[in-house]
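In what follows, a single structure is set out as structure tokens and then discussed.
What's counted below: heavy atoms across the whole structure, side chains too, no hydrogens, waters or symmetry copies.
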Amino acid sequence: MNRTVAWLMAAAFVFLPTVMRAQTENPRGIYKMMTLTGKVGEVKAPFDQYKICTDSVTLMLNMQNAAFAVQNTDHQVFRYTGDQPKNENDKSTLIYDSNADHFTLKWWSTNRNHLYFPENDWCIEKYEANQYSETGRMAFDALTAIPALDPKNPLLGTWRIIGYMDELRDVKKELARLREQYPTSKYLNTFVIFTPKTYAVVLNNFGRGIANSVEYNGKGAYKLGNKNIHVKWLSKNCIAVEEVIDYRIDWQILERDTDGQPMLSRMASHFVSSRR
């Protein structure tokens, strides 16, 4: 959206009467849990927790420091239900007060001895869109990035880890070996994502990852925290990333992923296909 269109839209909101959004829509988008009502009453969300609501799957992302985990814990697509169960025996999950900006989730808890969740009673979680913790924003910055080549910083994009080399000798032969072994290697579906502000390593199949802020020093190095990491370009779409372990240098080999799909979309597709 260019600045002129954005300004015109903003102006329209100033001069037109306020229109209340319907509160009966299906929640669609990324939402952060803001409050939880359970065993100890209503409290500020005790977890850095998000719901990713789509037409095909509902995923949950939890942050703990820089680490995140994406899971299909709800096993259903969230749709508006209203705030009342069908009868006293109905313990189905309820979705209400819902639109693109927020929604309320009410679910029946059978947890025992949980600090916040009651036992055999309803638990209520309120969610809002466009709310992120600092680390949550880094995670979603990486997971929603659309891979694209950037001539100014060719490191940006999504890369597959295909393995390691002890030394960068006989690179052509070693690359052929790594590519041949990749379908059965422990690095299968493990990705590195570079965005302008974030570096993230993501294990797609299990939905786990870790995200940190990154600084770039041209295309040949980047900085994570206080650690400077060097990069050797083996080709336009293949790099070797330095790893110093006990004064020994190994090289992590990354190949650019070119399918143009954000990691969050890839994860959603994985969870949808895995339930069939």
Side-chain angles (χ1 to χ4, degrees), residues 9 12-13 16-64 68-137 139-140 143-144 207 262 264-265 267-276:
M9 290 182 66
F13 281 113
L16 290 178
T18 300
V19 178
M20 294 297 292
R21 297 190 60 146
Q23 310 296 304
T24 58
E25 301 170 5
N26 298 328
R28 292 295 179 263
I30 299 171
Y31 302 80
K32 186 180 191 298
M33 183 166 72
M34 306 304 292
T35 66
L36 183 152
T37 303
K39 183 187 295 187
V40 296
E42 185 176 45
V43 296
K44 182 179 178 182
F47 323 114
D48 193 5
Q49 179 171 295
Y50 304 81
K51 297 288 187 180
I52 302 119
C53 301
T54 77
D55 288 329
S56 56
V57 68
T58 302
L59 301 178
M60 183 171 74
L61 182 146
N62 280 102
M63 291 294 312
Q64 189 169 10
F68 62 85
V70 178
Q71 299 170 294
N72 183 15
T73 55
D74 295 288
H75 303 291
Q76 63 176 301
V77 174
F78 280 179
R79 295 184 175 91
Y80 176 82
T81 62
D83 63 352
Q84 296 298 320
K86 296 175 183 178
N87 53 60
E88 63 180 14
N89 296 318
D90 179 20
K91 303 300 188 291
S92 302
T93 296
L94 301 175
I95 303 293
Y96 56 95
D97 189 23
S98 58
N99 57 26
D101 300 319
H102 53 75
F103 75 93
T104 299
L105 167 65
K106 187 175 180 180
W107 57 279
W108 185 261
S109 172
T110 57
N111 286 274
R112 299 185 64 183
N113 302 318
H114 194 280
L115 181 60
Y116 296 102
F117 301 151
E119 182 178 358
N120 297 321
D121 202 353
W122 292 100
C123 191
I124 300 172
E125 299 172 1
K126 292 185 178 181
Y127 289 82
E128 291 184 12
N130 303 314
Q131 300 290 332
Y132 301 92
S133 66
E134 181 178 353
T135 52
R137 185 171 293 280
F140 282 107
L143 293 176
T144 60
L264 194 56
S265 297
M267 285 182 166
S269 298
H270 167 74
F271 283 111
V272 169
S273 62
S274 64
R275 72 187 183 193
R276 292 173 182 167

Do [X] and [Y] touch side chain to side chain, with heavy atoms closer than 4.5 Å?
{"X": "Phe68", "Y": "Thr135", "answer": "no"}
{"X": "Lys91", "Y": "Thr110", "answer": "no"}
{"X": "Asn26", "Y": "Cys53", "answer": "no"}
{"X": "Asp90", "Y": "Gln84", "answer": "no"}
{"X": "Thr81", "Y": "Ser92", "answer": "no"}
{"X": "Asp55", "Y": "Arg28", "answer": "yes"}
{"X": "Asp83", "Y": "Asp97", "answer": "no"}
{"X": "Thr144", "Y": "Ile30", "answer": "yes"}

For residues [X] and [Y], report the shortest heavy-atom separation together with the two atoms involved.
{"X": "Leu94", "Y": "Gly82", "value": "CB-O, 3.7 Å"}
{"X": "Pro46", "Y": "Met33", "value": "CD-CE, 4.3 Å"}
{"X": "Ser133", "Y": "Asp48", "value": "OG-OD2, 2.5 Å"}
{"X": "Lys39", "Y": "Asn113", "value": "NZ-C, 4.1 Å"}

Open item on the list: More than 12 heavy atoms of other residues, nucleotides or ligands under 6.0 Å from CD of Glu42: yes or no?
Closed with: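 Yes, CD of Glu42 has more than 12 neighbouring heavy atoms, counting only those of other groups under 6.0 Å.
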Task: Whether over 12 other heavy atoms sit under 6.0 Å from Asn130 CG - done: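 No.
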Open item on the list: Hydrogens and angles aside, do Asp74 and Thr58 bring a side-chain donor and acceptor to less than 3.5 Å of each other?
Closed with: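 No, no side-chain donor-acceptor contact under 3.5 Å.
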Rounded at 0.5 Å granularity, tell me how far [atom1] in [X] sits from [atom2] in [Y].
{"X": "Phe271", "Y": "Ile52", "atom1": "CZ", "atom2": "CD1", "result": "9.0 Å"}
{"X": "Lys32", "Y": "Met63", "atom1": "NZ", "atom2": "CE", "result": "10.5 Å"}
{"X": "His102", "Y": "Gln131", "atom1": "NE2", "atom2": "CD", "result": "12.0 Å"}
{"X": "Met60", "Y": "Leu105", "atom1": "CE", "atom2": "CG", "result": "10.0 Å"}
{"X": "Thr93", "Y": "Arg79", "atom1": "OG1", "atom2": "CZ", "result": "13.5 Å"}
{"X": "Thr104", "Y": "Tyr80", "atom1": "OG1", "atom2": "OH", "result": "10.5 Å"}

- [ ] Run the numbers on Leu143 and Leu61 for side chain to side chain contact (heavy atoms under 4.5 Å, CB included), then give the verdict.
- [x] CA-CA 11 Å; Leu143 293 176; Leu61 182 146; 3.6 Å; yes
Task: Ser98 side-chain N/O to Glu25 backbone N/O, donor-acceptor pair under 3.5 Å - done: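 Yes; judged by distance alone, with no hydrogens or angles, the pair exists.
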Using a 3.5 Å cut-off and no angle test, enumerate the donor-acceptor pairs between side-chain atoms of residues 114-129 and protein atoms at least two apart in sequence or in another chain.
residue : atom : partner : partner atom : Å
His114  : ND1  : Tyr116  : N            : 3.0
His114  : ND1  : Phe117  : N            : 3.1
Glu125  : OE1  : Tyr127  : OH           : 2.5
Glu125  : OE2  : Trp107  : NE1          : 3.0
Tyr127  : OH   : Gln49   : NE2          : 2.9

TODO: Classify the ring geometry between Tyr50 and Tyr132 as parallel (under 30°), tilted (30 to 60°) or perpendicular (over 60°).
DONE: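 It falls in the parallel class, under 30°.
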